[in-house]
Amino acid sequence: MNSYLNKTRPPVYCPGCTHEKITKGLDKAILKLNLPADKTVIVTDIGCSGLFDTFFNVHALHGIHGRALTYASGLKLANPELNVIVTMGDGGLGIGGAHVLASCRKNLDLTLIILNNFNFGMTGGQYSATTPTDAMVGSGFLNHAEIPLDICAIAQSAGATYIDRCSGHDESLPGKIAAAIEHKGFSIIETLGMCTGRYTKKNQLTPKLLDQMITDLPARDGIIEKNQRPEYGERYRALAKEKNTFPEAVTIEKQIDLKDYQQQEVVILGSAGMRIVTAGDIVCYAGLCAGMNVSMKNDYNITVLRGQSVSEILISPEKIGYPGIESPSVVLALSDEGVQRRKKIFATLKPDTFVLKERTVTIPETNANVVEIDFRKFKIKKQDWALASLGVMAKKEKAINKKMLKYALKSRFTEKVYLIAMETIEKMT
């Protein structure tokens with residue numbers, strides 16, 4: 001084989017575009033290394049550099065803008081034998097900068113070729129993350145208010161183990177790309193080039209000026225000694241191999257036979273610190289102990305320790321395809337925050353819906369069967385109101401019964417915690 005290029009789809013860049021030289025340089029690099037076509041993957045970004053995947057007779061994956069490295073990482077981790085090469089323009093570099101940083105930090109064995117032509121050439125010549133401040137581009141003055149980033153400096157700071165930078169017209173480009181591919185770890189090579197379709201129409205740029213830019217920038221020519229460390233994939237697999245013990249899956253055996261059990265929908269409306277999610281867990285365990293299918297969907301305030309906390313539980317003898325609550329059979333209204341979060345459901349409740357309302361909580365008008373309770377009268381702390389409510393549910397056999405609740409508590413807690421929980425439950429039953 002004298003070329004990996006696809007003869008049925010030759011490069012179709014604008015005349016004078018440096019991308020064509022880089023395409024041919026990459027072809028020569030792959031030839032030099034004699035990489036097996038079936039073990040080589042080119043992952044491309046959006047933009048003119050995104051055309052690379054059609055030009056080579058190797059495996060290819062075309063991603064979305066800025067995300068090429070994420071796909072490449074998945075491929076390499078799934079099959080470490082692959083030679084994975086990523087092509088990305090300066091547009092994708094700016095859009096997916098966080099993924100570039102993550103790749104530098106990981107040091108997974110990938111080769112990233114950045115085709116930097118200082119603008120979004122395919123979409124109109126707008127400024128990119130690398131556009132010089134004094135350049136004239138299709139997005140007006142915007143680049144005049146920003147400074148271009150030096151991706152090589154950033155990559156070194158982020159931990160890349162191999163960094164190179166050169167002109168796309170450099171005669172040694174094939175060798176530089178080959179050296180980057182041979183490096184075991186994350187290698188990044190930035191090529192500076194000309195976008196003749198957009199950028200050079202308003203800005204003077206020649207191969208000679210590109211060489212001068214390379215000279216003026218800090219030298220980047222390969223191994224970054226201070227960042228050398230094991231390749232991420234090998235290190236990951238070694239660490240994973242060391243971890244040979246894993247938590248056992250929780251299994252709950254059927255303990256109770258229920259006859260003619262109908263699907264129950266339980267909504268617990270509380271606030272942070274009331275252990276609403278734990279109460280939802282217990283209801284689920286109760287259903288499992290009776291051989292039922294269960295699902296739970298939780299909602300709590302982003303600040304975690306302030307605001308509402310809501311748990312929605314389904315208990316059904318049939319498989320559950322959709323976990324949403326449509327017709328609640330039980331509603332526990334334990335705080336105003338939680339009620340406000342689900343206030344619309346009260347207007348839809350049926351007369352046979354059981355609503356347990358804490359005395360100080362205000363609920364909207366409803367046709368449901370409302371029972372009010374004063375937990376303070378029973379000397380129950382606020383953080384135990386949800387647990388105490390389950391005791392009331394079990395006593396009245398709403399969705400669960402006493403036997404189900406006891407089995408659930410034993411399954412969910414240690415013996416010590418179970419006994420403490422039962423003290424609260426017994427106050428209500």
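As the structure is a prediction and not an experimental result, all values here were calculated from the model.
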Only one of Leu35, Val84, Ile113, Asp109 passes side chain to side chain contact (heavy atoms under 4.5 Å, CB included) with Ile181; say which it is.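 Testing Ile181 for a side chain to side chain contact (heavy atoms under 4.5 Å, CB included) against Leu35, Val84, Ile113, Asp109 leaves exactly one candidate, Leu35.
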
Any [X] side-chain heavy atom under 4.5 Å of [Y] side chain:
{"X": "Leu149", "Y": "Leu93", "value": "yes"}
{"X": "Val266", "Y": "Met393", "value": "yes"}
{"X": "Ile268", "Y": "Leu334", "value": "yes"}
{"X": "Ile151", "Y": "Asp90", "value": "no"}
{"X": "Cys166", "Y": "Ser172", "value": "no"}
{"X": "Met292", "Y": "Leu258", "value": "yes"}
{"X": "Val41", "Y": "Asn79", "value": "no"}
{"X": "Thr40", "Y": "Tyr4", "value": "no"}

Under a 3.5 Å distance rule, please check whether [X] uses its side chain to pair with a backbone N or O of [Y] as donor and acceptor.
{"X": "Asn119", "Y": "Thr131", "result": "no"}
{"X": "Arg229", "Y": "Gly159", "result": "yes"}
{"X": "Thr196", "Y": "Pro15", "result": "yes"}
{"X": "Ser167", "Y": "Asp211", "result": "no"}
{"X": "Asp45", "Y": "Gly66", "result": "yes"}
{"X": "Gln228", "Y": "Thr161", "result": "yes"}
{"X": "Asp164", "Y": "Tyr162", "result": "no"}
{"X": "Thr191", "Y": "Ile114", "result": "yes"}
{"X": "Asn117", "Y": "Gly193", "result": "no"}

NZ/Lys106 to NE2/His99 distance, rounded to the nearest 0.5 angstrom?
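Here the interatomic distance stands at 10.0 Å.
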
Neighbour count >12 (heavy atoms, 6.0 Å) for atom NZ, Lys21: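 Check fails, neighbour count at 12 or below.
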
Q.
Angle between ring planes, Phe55 versus Tyr13, binned at 30° and 60°: parallel, tilted or perpendicular?
A.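 Correct class here is perpendicular.
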
Could you tell me how the ring of Phe52 sits relative to the ring of Phe56: parallel (under 30°), tilted (30 to 60°) or perpendicular (over 60°)?
parallel

| Is the closest basic N to carboxylate O distance between Glu337 and Arg341 below 4.0 Å? | no

Test item: side-chain donor near acceptor, [X] and [Y], under 3.5 Å:
{"X": "Gln263", "Y": "Glu265", "value": "yes"}
{"X": "Thr87", "Y": "Thr44", "value": "no"}
{"X": "Thr18", "Y": "His169", "value": "yes"}

Walk me through it: do Glu81 and Lys39 pass the test salt bridge (charged side-chain N to carboxylate O under 4.0 Å, His left out)? CA-CA 7 Å; Glu81 294 183 2; Lys39 294 292 184 183; 3.1 Å; yes

Worksheet item: Which heavy atom in Ala68 sits nearest to a heavy atom in Val86, and how many Å separate them?
Response: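 Where Ala68 meets Val86 most closely, the heavy atoms are CB-CG1, 3.7 Å.
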
